[in-house]
Amino acid sequence: MLTSNKNVLNWVEEMTALTKPDKVVWIDGSKEQLDALRDEAVATGEMIRLNEELLPGCLYHRTQPNDVARVEDRTFICTSKKEDAGPTNNWCAPEEMYAKLTPMYDGVMKGRTMYVIPYSMGPIGSPLAKVGVELTDSIYVVLNMEIMTRMGKAAFENLGETSNDFVRGLHSKADVDPEKRYIVHFPEDNTIWSINSAYGGNVLLGKKCFALRIASFQGKNEGWMAEHMLILGIEKPNGEVKYVTAAFPSACGKTNLAMLIPPEGYRNKGYKVWTVGDDIAWLKQGEDGKLYAINPENGFFGVAPGTNAKSNYNALASTKQGTIFTNVAINNDDMTVWWEGLDKNPPENATEWKGAKVNGKTFGEKLAHPNSRFTAPAKNCPCISPEFDNPQGVPISAMIFGGRRAKTAPLVYQAFDWNHGVFVGSIMASETTAAAAGAVGVVRRDPMAMLPFCGYNMGDYWQHWVDMGVKLGENAPKIFNVNWFRTDDEGHFIWPGFGDNMRVLDWIIERCEGNADAVETAIGYEPKAEDINIEGLSDVTVDTVKDLLNVDKDLWKEDVEGIKAFYARFGDRLPEEMAKQLKALEARLDA
Ligand code: GTP
Ligand code: SPV
Ligand code: MN
């Protein structure tokens with residue numbers, strides 16, 4: 001036992017009595033303990049050790065083919081009142097859900113070990129950090145939590161002897177039965193119960209379950225924000241660093257933008273990008289009135305396919321040691337890893353993600369699952385921000401929303417003001433990706449990229465954003481919307497994206513500083529096409545940029561109908577301000 005905090009001890013005892021493990025192991029975070037767990041996982045075949053020279057300390061894990069992504073239809077927000085979960089969450093009354101799940105947990109860890117994982121979301125000692133304890137029967141979870149959080153004894157020191165302010169996470173992989181899979185949140189009890197999965201977002205309970213679903217609920221009550229946002233710093237030639245956050249839905253480019261390498265012309269001038277976070281931001285007003293952000297995580301749980309030395313050098317470099325790979329392919333000749341988009345040379349002697357030995361060159365199917373992932377320590381990242389561990393966080397100048405839209409959304413536009421920005425976030429839509437189970441490529445509303453992650457009524461969440469704007473006043477960050485995914489008539493992406501997204505960040509930063517012009521359109525302020533720097537781009541002309549910035553009013557009018565239908569679902573929980581903003585957009589489109 002690593003703590004004498006009675007609230008922790010009593011709860012662990014209660015959950016032990018319920019799940020009946022053979023053994024309870026408290027995770028102190030020491031190297032000896034973790035090494036022993038790695039050895040054990042390798043011995044049982046749960047994990048595979050990779051090439052110690054090329055990928056030192058790296059491990060491989062494969063999940064069941066039915067367990068490779070988040071399961072939104074089996075994810076629940078259990079508030080006392082249904083209206084408090086809102087129309088976009090699955091809901092069940094807490095008593096009913098506890099009654100349903102308790103028998104499933106009863107004795108589920110018989111013959112297994114329960115690991116007690118103390119962890120901090122956020123730098124230890126940060127006023128924005130919070131403590132969680134996860135109970136799990138999976139070594140894979142322990143080893144991932146070690147990378148993704150500040151895990152071990154120190155987290156309990158942060159909690160203290162008497163506090164009850166910790167999130168209680170109970171996970172059992174059970175039989176990994178998809179029919180009995182539940183990812184359940186009890187925001188009013190600071191509790192998460194997850195059963196019958198072993199996939200990242202469903203089982204690393206500090207991540208989406210705590211740092212977004214529970215934390216968003218806490219943030220509303222405590223006056224701060226938990227967002228599905230990357231955080232990056234842009235260093236300008238004069239050495240000044242400006243920080244921005246960006247919310248894109250799952251597998252829509254957060255990790256890539258967070259680690260971008262500016263195009264040569266920018267690098268030569270002295271621009272540099274620093275990564276603070278790639279997935280989640282906790283934001284709170286500082287004493288000076290500005291909005292500060294921390295990354296509650298300590299590592300990256302990134303999408304592997306598409307990651308290569310050109311698209312995301314820094315992410316790839318982050319995976320070269322101490323990394324866990326899940327559901328990618330193995331190159332059996334040298335025990336390294338491979339995925340689609342790493343290079344054009346799939347291994348001949350491969351094991352594909354489901355575990356079959358195949359000739360990768362002739363296989364004809366994907367060797368890696370589209371949602372295969374790497375879990376890499378943040379400290380590996382060549383461009384990790386010097387402010388990464390700053391307990392106060394970094395001051396935010398701009399907040400960016402974006403999604404995958406083939407046609408409607410332009411490359412970039414700026415909201416007229418904070419409330420209009422909240423509206424812009426609330427009407428986000430994006431094509432679905434492999435990060436969640438279900439159809440891929442279907443456009444759906446995904447407000448602030450939080451549709452699967454908001455732990456309470458989304459209408460109240462928008463109101464919370466409006467309220468934050470009032471508190472922040474003139475210190476409120478400027479709000480923007482971007483779309484890297486516009487396609488031409490053949491379905492090809494028009495904008496080169498990746499490092500070249502720096503060209504758009506440049507305009508955004510200069511707007512924040514009052515140095516760049518804009519054109520007023522029906523949907524917001526847009527750059528003049530000539531103000532997007534295209535120097536060094538071979539396939540993009542000013543006319544291409546004009547195309548990318550074009551606002552097709554007919555498409556937008558169609559979109560307004562979709563927004564109306566979406567908003568209608570919120571009834572009287574729709575903030576008046578959002579209804580007003582929608583009317584104003586309609587009027588501008590008709591003008
Ligand atoms: P989660 O970890 O699921 O939250 O995803 P994420 O938002 O961090 O997405 P990530 O950066 O991993 O990108 C997912 C996929 O989007 C990658 O495989 C890329 O192929 C693609 N992508 C990212 N940035 C760009 C871009 O600028 N342009 C284009 N065309 N594709 C991009
Ligand atoms: C996402 O799906 O947005 C992720 C991966 O970041 S997961 O942790 O599985 O949620
Ligand atoms: Mn994510």
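In this text, all values refer to a predicted model and were calculated from it rather than measured experimentally. Counting starts at 1 for both ligands and their atoms, in listed order.
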query = Which ligand 1 atoms does P249 reach within 4.0 Å, using its non-hydrogen atoms?
reply =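 That gives atoms 7 (O) of ligand 1.
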Numbered atoms of ligand 2 (with element) below 4.0 Å of [X], judged on heavy atoms:
| X | value |
| --- | --- |
| A435 | 2 (O) |
| K207 | 6 (O), 8 (O) |
| F301 | 5 (C), 8 (O), 9 (O) |
| G201 | 7 (S), 8 (O), 9 (O), 10 (O) |
| S250 | 1 (C), 2 (O), 3 (O) |
| Y199 | 5 (C), 7 (S), 9 (O) |

key: From NZ (K208) to CD1 (I214), nearest 0.5 Å   =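 K208 NZ to I214 CD1: 15.0 Å, rounded to 0.5 Å.
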request  = Return a yes/no value for N501: is any of its N or O atoms, backbone included, closer than 3.5 angstrom to an N or O of ligand 1?
outcome  = yes
key: G253 N/O to ligand 1 N/O under 3.5 Å   =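 Between G253 and ligand 1 (N or O atoms, distance only) the closest approach is under 3.5 Å.
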ask   = Which one of N66, N327, N371 satisfies the side chain to side chain donor-acceptor pair (under 3.5 Å) criterion with Y199?
value =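 Going through N66, N327, N371 one by one, the side chain to side chain donor-acceptor pair (under 3.5 Å) with Y199 is satisfied by N371 alone.
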request  = Calculate the angle formed at the Mn ion (ligand 3) by OD1 in D279 and NE2 in H228; 10° precision is enough.
outcome  = 90°
ask   = Thinking salt bridges, do R511 and D531 make one under a 4.0 Å N-O criterion?
value =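 So R511 does not pair with D531 through a salt bridge.
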Check ion pair D279-K207 (N to O, under 4.0 angstrom) = yes
note = heavy-atom search around atom 1 (P) of ligand 1 in the protein gives A251 N, 3.4 Å
